[in-house]
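Worksheet: one structure, shown below.
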Amino acid sequence: MRFDTPATTNPIDQLKIVGKPVDRIDGPLKTTGTAPYAYERHDVVPNQAYGYVVGSAIAKGRIASIDLSTAQRAPGFLAIVTADNAGRLGRGRFNTARLLGGPDIEHYHQAIALVVAETFEQARAAAQLVRVDYVRTDGMFDLAAAKDSWTPAAGLGAPADPGVGDFAGAFPTAPIQLDAAYTTPDHSHAMMEPHASIAAWEGDSLTVWTSNQMINWTVGDLAQTLGIAREKVRLISPFIGGGFGGKLFLRADALLAALGARAARRPVKVALPRPLMANNTTHRPATIQRIRIGATRDGKITAIGHESWSGDLPGGGPENAVQQTRLLYAGANRMTATRLAILDLPEGNAMRAPGEAPGLMALEIAMDEMAEKLGLDPIEFRVRNDTQVDPENPGRPFSQRQLIECLRTGAERFGWNKRNAQPGRLRDGRWLTGMGVAAGLRNNLLTTSAARVRLDHRGVVTVETDMTDIGTGSYTIIAQTAAEMMGVPLDKVVVRLGDSSFPVSAGSGGQWGANNSTAGVYAACVKLREAVAQKLGFNSADAVFGDGQVRSGNRTVSLAEAAGESGLVAEDAIEYGDLGKQYQQSTFVAHFVEVGVDVATGETHIRRMLAVCAAGRILNPKSARSQVIGAMTMGVGAALMEQLAVDKRRGFFVNHDLAGYEVPVHADIPHQEVIFLDETDPISSPMKAKGVGELGLCGVGAAVANAIYNATGIRVRDYPITLDKLLAGLPEA
Ligand code: MOS
């Protein structure tokens with residue numbers, strides 16, 4: 001189905017099932033521990049052996065020699081894979097560093113060997129006996145030091161250094177100016193389920209049970225790396241214990257399981273041990289950002305400039321921390337730029353709202369600072385600079401933009417009028433208290449997505465698509481879509497996901513999963529409805545589907561009967577025209593945070609949080625709310641604690657486990673409120689929906705930082721805002 005004109009009324013608009021806060025259909029599997037995750041699939045193929053990954057102990061250089069002989073004599077030893085014996089390997093489209101290194105080493109903990117043995121313990125023990133001698137060479141591990149050797153780099157297909165008007169001329173002449181630098185550290189995904197895969201060969205055909213967000217990308221990259229046809233690779237990933245961008249791509253576990261299984265001539269399972277994950281896989285790169293804003297005395301932005309420096313391995317890309325600045329506020333003279341320095345740290349890549357998450361952590365502090373300079377309330381300042389069109393291209397309107405409504409609704413619901421504009425004035429016992437606000441934007445990306453739907457003789461509708469559910473609720477919203485379209489209750493829908501033998505979906509990433517994957521199911525259901533109508537001799541235009549039946553004129557037939565013994569099948573994809581070009585499609589949020597900061601220790605307690613979102617039709621308010629509160633929690637982590645500590649001499653992330661890499665726990669998080677504004681966006685798809693998952697993270701960190709400033713009068717521009725950065729300014733420290 002081609003979608004190139006705005007949606008009109010369609011069966012989804014009945015909203016009998018779509019739009020309702022139904023429980024997750026996979027909830028019972030999750031809560032009873034019976035949802036099968038990759039490493040636990042003991043039953044899918046017999047005779048599974050265990051692989052253990054050896055990671056490089058240096059960041060840069062080469063392997064001088066590697067002695068396998070002791071390991072090979074270890075109990076239970078079956079095989080060892082290294083770059084020496086793995087045969088010629090290609091590189092995946094989405095991988096920067098090789099997933100099996102050696103003799104050249106590109107980063108710390110790059111995999112250099114896989115040891116396969118009968119049991120996990122034997123594989124681990126044998127892996128300790130692999131003797132490696134390295135020749136270490138110097139590398140660059142310090143972003144601040146590498147910053148000035150940057151090269152221009154455009155992120156994700158964006159033009160280098162886009163701009164309009166004359167920023168260089170307009171900024172210095174603006175009556176009110178801000179020129180400030182902000183930094184964000186390297187972040188690790190820290191998802192609960194480690195990367196894990198089981199690989200089995202049958203002749204030259206490979207099956208991998210894994211944990212992956214983007215089945216189709218990863219099939220392609222695995223085939224390309226192994227040098228085999230993609231038709232020979234099957235990937236199965238029905239449940240994923242968190243991805244956060246770390247599982248968008250082929251990673252070492254899947255490749256090494258495949259190579260290990262080939263070497264050992266039996267199925268092999270590989271999980272990355274937690275201490276390997278931070279350095280072996282990808283991370284969100286640190287940024288240094290410079291923001292310049294110029295405004296008139298009455299608070300109209302006349303010039304806005306945002307530059308971001310980040311680092312990556314050769315061939316990698318920048319953290320596109322400036323992309324929201326191109327769209328969020330009005331202003332005639334604009335400049336944005338991403339600068340990429342070469343670093344020899346592990347590979348940087350997408351993590352939890354890549355680009356906007358760190359970009360808004362900077363921009364939305366800058367807006368708070370600017371509001372203060374202007375003597376304006378920070379909400380009023382944002383409202384004065386709203387734009388209903390793409391500021392770089394005024395002929396291009398936003399399909400929907402309710403940022404002002406998000407801010408105003410949030411202000412009222414949060415009690416913003418109780419905030420004291422003078423920082424450091426409110427005290428509650430030992431706590432200095434304050435409120436902060438920040439805006440957020442995340443785009444709605446359109447991608448082709450296909451599905452197959454089957455109606456059987458029991459009247460059951462089965463949906464198959466390679467879409468994944470990374471804990472987001474895909475199973476449930478897809479079931480709701482099929483139920484609404486076919487006029488059956490939810491318990492008459494079966495959803496099967498995450499298998500490369502199913503039609504190719506949008507997959508899970510960039511908050512594009514919900515809208516695109518359900519639109520693909522919508523398209524397939526339109527075809528199935530036509531097949532039902534045609535079989536019954538109904539005119540499909542006036543056939544009504546409901547209560548498990550289809551009715552036309554005075555004839556009513558049950559879907560079970562219509563399907564008959566052989567059943568009916570339909571397959572289709574949603575394919576987009578240029579509505580994404582004609583309109584800027586984005587989602588918006590306003591975040592409100594109240595904090596208390598201990599007057600003596602600088603400990604920050606989050607007291608209250610509210611997010612007001614405008615993100616198209618909300619397909620399931622319960623799973624959408626769950627997405628947003630999870631994202632708000634990540635924002636608290638980014639503001640207060642998340643940080644990979646870089647060893648700048650040896651070139652690795654030191655705190656590479658969940659003891660040293662801190663994320664928020666329940667005790668850190670108060671009651672959180674989420675409000676979704678009424679919105680349906682007929683430009684986005686027949687579902688009229690958009691994404692919400694990453695939107696929830698956009699701006700939270702800055703709202704926390706602004707609340708800390710309001711509580712203490714201390715402006716920290718260097719994340720995370722740890723106690724040491726507050727102590728010197730506290731009244732009783
Ligand atoms: Mo997301 S970081 O695009 O999985």
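Atoms within a ligand are numbered from 1 in the order they appear, just like the ligands themselves. Scope of the values below: all heavy atoms of this structure, side chains included, with no hydrogens, waters or symmetry mates.
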Residue of the set Arg396, Arg401, Arg326 for which salt bridge (Lys or Arg N to Asp or Glu O under 4.0 Å) holds with Asp390: Arg396
Nearest non-hydrogen protein atom, atom 2 (S) of ligand 1: Arg352 N, 3.2 Å
Part of Leu248 with heavy atoms under 4.0 Å of ligand 1, whether side chain, backbone, both or neither: side chain
Mode of Glu694 contact toward ligand 1 - side chain, backbone, both, neither (heavy atoms, under 4.0 Å): side chain
For Pro354, atoms of ligand 1 separated by under 4.0 Å from a heavy atom: 2 (S)
Residue and atom name of the nearest protein heavy atom (relative to atom 4 (O) of ligand 1), distance in Å to one decimal: Gln213 NE2, 2.7 Å
Donor-acceptor pair between Thr587 and Asn444 side chains, under 3.5 angstrom: no
Whether over 12 other heavy atoms sit under 6.0 Å from Met1 CE: yes
Pair Gln480-Asn620, side-chain donor/acceptor within less than 3.5 Å: yes
Arg230 and Asn216: side chain donor to acceptor below 3.5 Å: yes
Shortest protein contact, atom 3 (O) of ligand 1 (heavy atom only): Gly510 N, 2.6 Å
Region of Met351 that comes within reach of ligand 1 [heavy atoms, distance under 4.0 Å]: backbone
Given Asn212, Asp499, Ile215, the one that forms side-chain contact (heavy atoms from CB on, under 4.5 Å) with Thr468: Ile215
